[in-house]
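Down below is the structure, laid out as structure tokens.
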Amino acid sequence: MVRVVPDIPAVHRWFDYVVPDALDPEVRLGSRVRIDLHGRRVGGWVVEDRVTPPAGVTPRAVALSSGEGPPASVVDLAVWASWRWAGPVSSFLGTASPDRVVRRPAVPARPHPRTVTSPGGASVGLVATALDRGSSTVLRLAPALDANLPALELVHRVGPDGVLALAPSHARAVHLADRLRRAGAPVALLPDGWAAAAGGGRVVVGTRAAAWAPIGRMRAAVVLDAHDEAYREERSPTWSAVEVVAERCRRDGAPLVLVTPCPTVALLEGSALAVTDRTVERRGWPAVEVVDRTGDDPRTGLFSERLVTLLHSVLDRPEGRVVCILNRTGRARLLACAHCGAVARCTRCGGSVGQPEVGGELRCGRCGSGRPAICAECDSSRLKLLRMGVSRATEELSALVGVEAVEVSGGAPGTPEGVGARLVVGTEAALHRVGRADAVAFLDVDQHLLAPRFGAGEESLGLLARAARLVGGREAGGRLLVQTRIPDHEVLQAAVHGDPARLTDPERALRRELGLPPFGALALLRGAAAESYAGALRAVDTVSVSSPSADRWLVRADDHPRLCDALAATPRPSGRLRVEVDPTDV
DNA sequence: CGGACAAGCTGA
DNA sequence: CAGCTTGTCCGG
């Protein structure tokens with residue numbers, strides 16, 4: 001008799017089924033099965049073995065086996081994650097399961113077919129220390145240094161079996177898998193290599209979802225660019241791959257190495273910090289030029305003299321290449337009347353309006369309503385631009401330097417536009433799409449620094465680190481230029497000095513003072529049923545509830561156990577309810 | 001989630 | 001009161 005979690009998000013109950021003799025060899029803890037539930041056949045996972053059903057219940061038989069599922073340790077982990085992120089167990093079991101039916105596990109890779117070679121480099125000694133420590137270590141490695149090396153060194157020291165390596169993007173996971181194979185390690189690359197991973201004896205490599213890899217017992221793990229937001233699932237439940245891996249390593253007593261050029265306060269809390277030599281780290285950041293635009297008229301545009309000089313000096317070289325980052329899509333994002341000076345606003349909701357087409361109508365970015373391009377105050381049809389978007393910036397920049405600029409923003413990754421261009425203008429997406437550059441310029445870095453999120457500073461430094469990787473370190477001649485009205489900002493100082501502690505030290509103090517994560521835990525409630533759920537939570541004395549805006553409720557507690565216990569113990573009202581534990585906004 | 005069933009509304 | 005919609009309940 002087994003207990004089964006149905007693969008239906010809205011059904012939170014577990015049900016008991018008899019395992020028929022014919023299915024007995026295949027069905028075990030973690031297996032995927034099909035069951036008859038309430039008149040229909042649905043998928044599910046075995047989450048308990050040899051159970052005794054409650055009195056008065058006569059279980060039906062398991063209908064079919066759907067093959068391999070996560071190992072027992074990962075089933076336990078899913079139950080923990082369900083508590084930690086207030087989501088259904090089934091969603092985590094789904095992430096932990098193979099895409100296609102796997103009938104039997106792969107044969108384990110033969111133990112140590114070849115010795116994995118040590119890559120050498122600045123991080124070798126630091127990896128050794130981290131492994132000896134046996135717990136979690138943040139390895140701060142400047143952006144121009146190869147983040148794959150600590151992963152190679154780790155496998156060199158502990159071997160491939162039971163080792164998990166995560167990368168923030170599929171491309172980087174593929175690259176890391178190649179490097180490991182060339183170094184002599186057997187590798188299972190997720191998601192395709194699920195069965196191979198379950199077979200054991202291989203380093204398991206993958207992205208966010210690989211945090212749920214079928215490894216029975218972890219021996220060590222490494223996360224590349226552990227600060228990267230890609231490790232957070234944005235859809236509800238909003239779990240974090242770094243925290244999932246950290247929990248697995250904690251449970252199995254395995255060392256965890258979090259490699260990152262710019263640790264976040266949350267990563268540093270609960271981990272030891274290992275740093276390279278100060279001069280090595282400094283050289284691993286490019287030269288950063290901060291252009292102070294405090295005195296400039298807001299309408300002088302996005303292009304300082306220093307920027308134009310930099311563009312010319314790079315573009316005069318035959319292969320020279322510059323990427324300009326502006327975090328606003330569209331052509332014109334903020335307009336004002338040339339006659340009376342009134343800012344053009346939406347007549348319906350009062351939001352700012354932009355002008356998507358040359359000479360076209362005005363459109364509100366907030367409510368989407370459109371109106372003719374005429375000043376609402378004085379009827380003048382002459383509007384001037386206060387803040388331009390990427391499209392307009394691309395046009396103006398081409399004219400300014402006499403080199404054709406190519407716009408690269410969002411869209412499908414890997415599209416070839418802009419890949420060969422020498423002058424690229426785009427949103428931060430361009431940093432993911434362009435391979436190499438001689439210089440990166442942030443046309444308005446304040447947009448990032450002042451974003452209305454408490455993690456905005458850390459995210460901004462992450463962006464600068466990503467740009468740093470495109471241009472290389474100080475020795476390689478890489479250049480970053482940032483235009484700002486806040487030249488003393490900790491984020492910019494951290495980048496200028498190649499010293500992330502200049503951000504994390506004050507940031508930690510601020511978080512502690514305000515009781516923000518990691519010094520306190522938050523959950524954001526939204527949806528039609530959020531109000532009544534928030535009302536029920538007000539009665540729990542370990543949490544406090546506030547409402548930052550009309551349809552959102554924020555639940556605070558001193559730590560995650562208190563927060564998660566309160567969320568789990570409070571019955572959910574029917575109706576739409578989205579619970580986001582550890583929200584980044586507000 | 002989606003089927004079952006009850007309550008509520010409508011038109012001949 | 002059949003025929004339909006809408007809402008609530010519940011699953012082994």
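Letters A, B, ... are given to chains in the order of the sequence lines, protein chains preceding strands, and every chain is numbered from 1.
- Residues forming a salt bridge (Lys or Arg N to Asp or Glu O under 4.0 Å) with D559(A) (at least two apart in sequence, or on another chain): R562(A).
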Run the side-chain donor-acceptor check on residues 572-579 of chain A: report pairs under 3.5 Å with partners two or more places apart or on a different chain.
from: R572(A); atom 1: NH2; to: A86(A); atom 2: O; distance (Å): 2.8
from: R578(A); atom 1: NH2; to: E234(A); atom 2: O; distance (Å): 3.3

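- Sequence neighbours left out, the pairs with a member in residues 35-48 of chain A that pass salt bridge (charged side-chain N to carboxylate O under 4.0 Å, His left out) are R3(A)-E48(A), D36(A)-R41(A).
- Of the residues in residues 81-93 of chain A, not one places a heavy atom less than 4.0 Å from an atom of DNA chain C.
- Contacts of R179(A) classified as side chain to side chain donor-acceptor pair (under 3.5 Å), with partners at least two apart in sequence or in another chain: D146(A).
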Please tabulate, for side-chain N and O atoms in residues 56-68 of chain A, each donor-acceptor pair with protein atoms closer than 3.5 Å (sequence neighbours left out).
from: S65(A); atom 1: OG; to: E26(A); atom 2: OE1; distance (Å): 3.0
from: S65(A); atom 1: OG; to: G67(A); atom 2: N; distance (Å): 3.2
from: E68(A); atom 1: OE1; to: R28(A); atom 2: NH2; distance (Å): 3.1

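- For W85(A), the ring-ring contact (aromatic ring centres under 6.0 Å, His included) test picks out W80(A), with sequence neighbours left out.
- Ion pairing between a basic and an acidic side chain is recognised when a charged N comes within 4.0 Å of a carboxylate O; R469(A) and D225(A) show such pairing.
- Judged as a side chain to side chain donor-acceptor pair (under 3.5 Å), and not counting sequence neighbours, E269(A) has no contacts.
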Using distance only, find each side-chain donor-acceptor pair of residues 526-541 of chain A under 3.5 Å and give its atom names and separation, not counting sequence neighbours.
from: R526(A); atom 1: NH2; to: E580(A); atom 2: OE1; distance (Å): 2.8
from: Y533(A); atom 1: OH; to: L567(A); atom 2: O; distance (Å): 2.8
from: R538(A); atom 1: NH1; to: V545(A); atom 2: O; distance (Å): 3.2

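- Taking 4.0 Å as the cutoff to heavy atoms of chain A, we find the contact window on DNA chain B bounded by dC1(B) to dG3(B).
- Every pair passing ring-ring contact (aromatic ring centres under 6.0 Å, His included) that includes a residue from residues 209-236 of chain A is listed here, sequence neighbours excluded: F92(A)-W212(A), W212(A)-W239(A).
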*asked:* Please encode protein proximity along nucleotides 6-12 of chain C as a string of B, S and -, counting only heavy-atom distances under 4.0 Å.
replied: ----BBB
